[in-house]
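Below: one structure, written as structure tokens.
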Amino acid sequence: MTDPSNPQSGARERDARSEQAWWLWKGPALVWLALIVLFGISFGVAYLPLGGANLAAHLAIAAVMIVLLVTFLMDMRNATAIVRLIGGAGLFWLILMFSLTFNDYLSRHY
């Protein structure tokens with residue numbers, strides 16, 4: 001609480017709240033900035049004549065984006081073991097579904 005006899009105590013509390021607000025927004029803001037930079041890199045790579053390396057570059061950029069999203073925005077670094085296990089199981093099933101869909105796509109001859 002502010003001390004009415006000390007006018008500087010209100011300023012210190014405002015500074016503390018401002019610092020706390022910055023602490024809450026610093027991580028997501030930096031991740032957002034990194035995702036925007038990676039998007040720009042991906043956009044730039046799309047116009048480079050890299051041939052087959054173009055796909056590899058885009059997949060690498062997408063993998064870095066996914067790691068950033070999972071680690072920081074989904075807060076898996078501070079998650080409990082069961083949340084990480086369920087996240088891993090979800091990723092496993094997602095990979096399985098994409099593999100089966102891609103297998104079906106490759107096996108059709110028309």
Linking I/L/V/M/F/W/Y whenever their side-chain heavy atoms sit closer than 4.5 Å, directly or via other members, would W32 and I41 fall into one cluster? no

Same cluster for V37 and F72 if Ile/Leu/Val/Met/Phe/Trp/Tyr side chains link at under 4.5 Å? yes

Which distance, rounded to the nearest 0.5 Å, do you find between the CG of L96 and the OG1 of T101? 9.0 Å

Pair L68-L73, side-chain contact (heavy atoms from CB on, under 4.5 Å): steps then yes or no: CA-CA 7 Å; L68 281 173; L73 297 183; over 6 Å; no

Check the pair N54 / L48 against side-chain contact (heavy atoms from CB on, under 4.5 Å), numbers first and verdict last. CA-CA 8 Å; N54 203 344; L48 293 176; over 6 Å; no

Hydrophobic cluster identity match, V45 and F39, side-chain contacts under 4.5 Å: yes

Interatomic distance, D75 atom CG to N78 atom CG [nearest 0.5 angstrom]: 4.5 Å

Side-chain contact test, heavy atoms from C-beta onward, threshold under 4.5 Å: evaluate it for L35 versus L69 and give yes or no. yes

Tell me whether L38 shares a hydrophobic cluster with V70, the cluster being built from Ile, Leu, Val, Met, Phe, Trp, Tyr side chains joined at under 4.5 Å. no

Under 3.5 Å donor-acceptor, S107 side chain and N103 backbone: yes

Kindly give the heavy-atom pair with the smallest separation between R77 and R84, and that separation in Å. O-NH2, 2.8 Å

Single-linkage hydrophobic cluster, 4.5 Å side-chain cutoff, F92 and L100 together: yes

Minimum side-chain heavy-atom gap M76-V83 below 4.5 Å: yes

Using the six-membered ring wherever Trp is involved, compare the ring planes of F43 and Y47 and label them parallel, tilted or perpendicular (cut-offs 30° and 60°). perpendicular

Can you tell me how far CZ of R108 sits from CG of D104, rounded to the nearest 0.5 angstrom? 4.0 Å

